[in-house]
Amino acid sequence: MIKRKSREEIKLMRHAGHIVALVHQKMKEVVEPGISTKELDSIAMKVIKDNRAFPTFLGYNGFPACICTSINEQVVHGIPSENVVLKDGDIIAIDVGATYRGLVGDSAWSYAVGNISEENQRLMKATEEALYAGIEKMRPGNVLDDISGAVEDVAVKYGYGIVRQYGGHGVGRVMHEEPFLYNYRVGDKTLIKSGYAIAIEPMLNRGCDEVVVASDEWTVSTRDNAPSAHFEHTVVATDDGPQIMTKLME
Ligand code: MG
Ligand code: MG
């Protein structure tokens with residue numbers, strides 16, 4: 001069952017989302033050639049703790065860090081490590097969750113490390129565009145397939161692969177709630193109601209759709225090693241339109 005969030009829950013989610021946005025603001029500052037993904041994790045942890053929140057990912061199904069760091073052909077769920085150091089020309093997707101007074105905000109962003117290729121700039125721009133096209137459809141009276149289709153149309157327009165095995169999800173009291181949200185049309189006519197909270201998160205690839213999971217049992221990469229980008233916001237459907245939770249509060 002999909003739970004509608006109360007006004008109070010939405011208020012807390014907005015606070016959790018603000019903390020997630022603070023982490024991304026910091027990541028944007030510190031992502032540069034020479035920094036390790038472990039250092040990024042420590043910085044993210046400090047922002048979350050300083051704001052009296054809990055890093056949602058830490059310990060989730062045994063995940064050992066508070067952010068996921070996925071570089072170039074890695075799609076999602078990369079594990080921060082002191083041995084992974086960013087290089088000029090990399091693109092890195094950083095995914096982070098914060099739990100504040102029992103409510104979760106979840107957001108991912110892809111970042112350029114130094115100077116990146118035009119092809120990767122285009123990939124990142126397209127994936128962000130797909131995210132906002134999906135968000136625009138997060139309105140009471142639409143159905144889940146409207147979001148999925150909007151994401152798919154942007155991917156098709158640019159000629160990119162769409163990751164099939166992973167997608168968006170309901171979010172709130174826990175990170176993954178019903179429903180699952182595909183990044184391509186599947187004919188899901190589930191009606192979106194006011195108060196639904198969904199993490200919308202397109203993952204687009206410069207090559208094929210297929211992905212593989214590494215022997216660490218976490219890191220997901222493209223099968224053909226083509227670069228992948230990931231953008232995600234936690235969004236609530238309201239009668240006044242889509243409300244993004246995971247952005248800085250004014
Ligand atoms: Mg996420
Ligand atoms: Mg998510």
Side-chain angles (χ1 to χ4, degrees), residues 16 20 23-24 27 31 35-45 48 54-87 90-99 104-111 113 120 123-124 127-128 130-131 134 151 155 160-171 174-177 180-184 198-234 246:
V20 166
V23 173
H24 279 299
M27 294 293 108
V31 163
I35 195 165
S36 75
T37 51
K38 177 73 192 170
E39 286 172 274
L40 294 176
D41 187 61
S42 303
I43 293 165
M45 174 73 97
I48 293 170
F54 180 82
T56 316
F57 294 7
L58 185 65
Y60 189 85
N61 291 332
F63 190 76
C66 74
I67 58 174
C68 297
T69 49
S70 308
I71 299 170
N72 298 332
E73 76 282 0
Q74 296 173 351
V75 180
V76 285
H77 305 165
I79 301 172
S81 162
E82 56 194 8
N83 299 320
V84 177
V85 175
L86 300 185
K87 301 186 304 294
D90 285 341
I91 56 171
I92 179 172
I94 298 175
D95 196 348
V96 57
T99 306
V104 175
D106 181 14
S107 172
W109 219 251
S110 292
Y111 298 92
V113 182
N120 280 344
L123 173 70
M124 286 178 31
T127 312
E128 187 176 351
L131 168 64
V151 169
Y160 291 138
I162 303 170
V163 174
R164 308 269 155 175
Q165 289 94 329
Y166 301 88
H169 50 91
V171 53
V174 292
M175 183 158 57
H176 293 120
E177 297 184 351
F180 183 81
L181 175 69
Y182 291 86
N183 283 316
Y184 55 97
I198 295 181
I200 300 173
E201 49 178 315
M203 288 151 252
L204 302 188
N205 307 335
R206 272 176 51 200
C208 70
D209 297 341
E210 286 87 58
V211 296
V212 290
V213 181
S215 56
D216 64 13
E217 295 181 358
W218 281 105
T219 313
V220 177
S221 297
T222 54
R223 184 179 289 283
D224 59 6
N225 286 316
S228 183
H230 181 204
F231 286 81
E232 175 186 32
H233 268 312
T234 295
T246 37

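In what follows, every heavy atom counts, from backbone to side chain, and hydrogens, waters and symmetry copies are set aside.
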Using 0.5 Å steps for rounding, measure from the CD atom of Glu201 to the NE2 atom of His169. 4.0 Å
Using side-chain heavy atoms (C-beta onward) and a distance below 4.5 Å, is Ile35 in contact with Ile43? yes
Contact between Thr127 and Ser110 at the side-chain level, heavy atoms closer than 4.5 Å - yes or no? no
Identify the heavy atoms of Tyr166 and Val211 that sit nearest to each other, and give their distance. CE1-CG2, 4.1 Å
Pair listing, side chain to side chain donor-acceptor pair (under 3.5 Å) test, anchored in residues 56-68, at least two apart: Thr56-Thr99, Tyr60-His176
Heavy atoms of Val171 and Ile198 approach each other most closely as CG1-C, 4.0 Å
May I have all residue pairs that pass side chain to side chain donor-acceptor pair (under 3.5 Å) and include part of residues 68-84, sequence neighbours excluded? Asn72-Asp90
Checking Thr246 side chain against Gly105 main chain: does a donor-acceptor pair fall under 3.5 Å? no
With side chains defined as the heavy atoms from C-beta onward, is the minimum distance between Pro64 and Ile79 less than 4.5 Å? yes
Met124, Glu232, His233, Met27 screened by side-chain contact (heavy atoms from CB on, under 4.5 Å) with Trp109, the one that passes: His233
Which heavy atom of Ile162 sits nearest to which heavy atom of Asn183, and what is that distance? CG2-O, 3.6 Å
Minimum side-chain heavy-atom gap Asp95-Asp106 below 4.5 Å: yes
Value for CG (Asp41) from SG (Cys68), rounded to nearest 0.5 Å, stands at 9.5 Å
Side-chain heavy-atom pair Val20, Thr234 within 4.5 angstrom cut-off: no
Going from CE on Met203 to CG on Leu131, what distance comes out if it is rounded to the nearest 0.5 angstrom? 11.0 Å
Quick one: does Val220's side chain get under 4.5 Å of Val163's, heavy atoms only? no
So do the side chains of Ile48 and Pro55 get within less than 4.5 Å of each other, counting heavy atoms only? yes
If you measure from NE2 on His230 to CG on Leu204, what distance do you get to the nearest 0.5 Å? 10.0 Å
Could you measure the distance from the OH atom of Tyr182 to the CD atom of Gln165? Nearest 0.5 Å is fine. 10.5 Å
Distance-minimising heavy-atom pair for Asp224 and Cys208: OD2-N, 2.8 Å
What are the two closest non-hydrogen atoms of Gly78 and Phe63, and how far apart are they? O-CZ, 3.7 Å
Taking all non-hydrogen atoms of both residues into account, name the closest pair between Thr222 and Ser228 and its distance. CG2-CB, 4.0 Å
Should Thr37 and Ile92 count as side-chain neighbours, where that means a heavy-atom distance under 4.5 Å? yes
At what distance, to the nearest 0.5 angstrom, does OH of Tyr111 lie from CG of Leu86? 12.0 Å
Pairs in or reaching into residues 208-218: which pass side chain to side chain donor-acceptor pair (under 3.5 Å), with residues at least two apart or in two chains? Arg164-Asp209, Asp216-Thr219
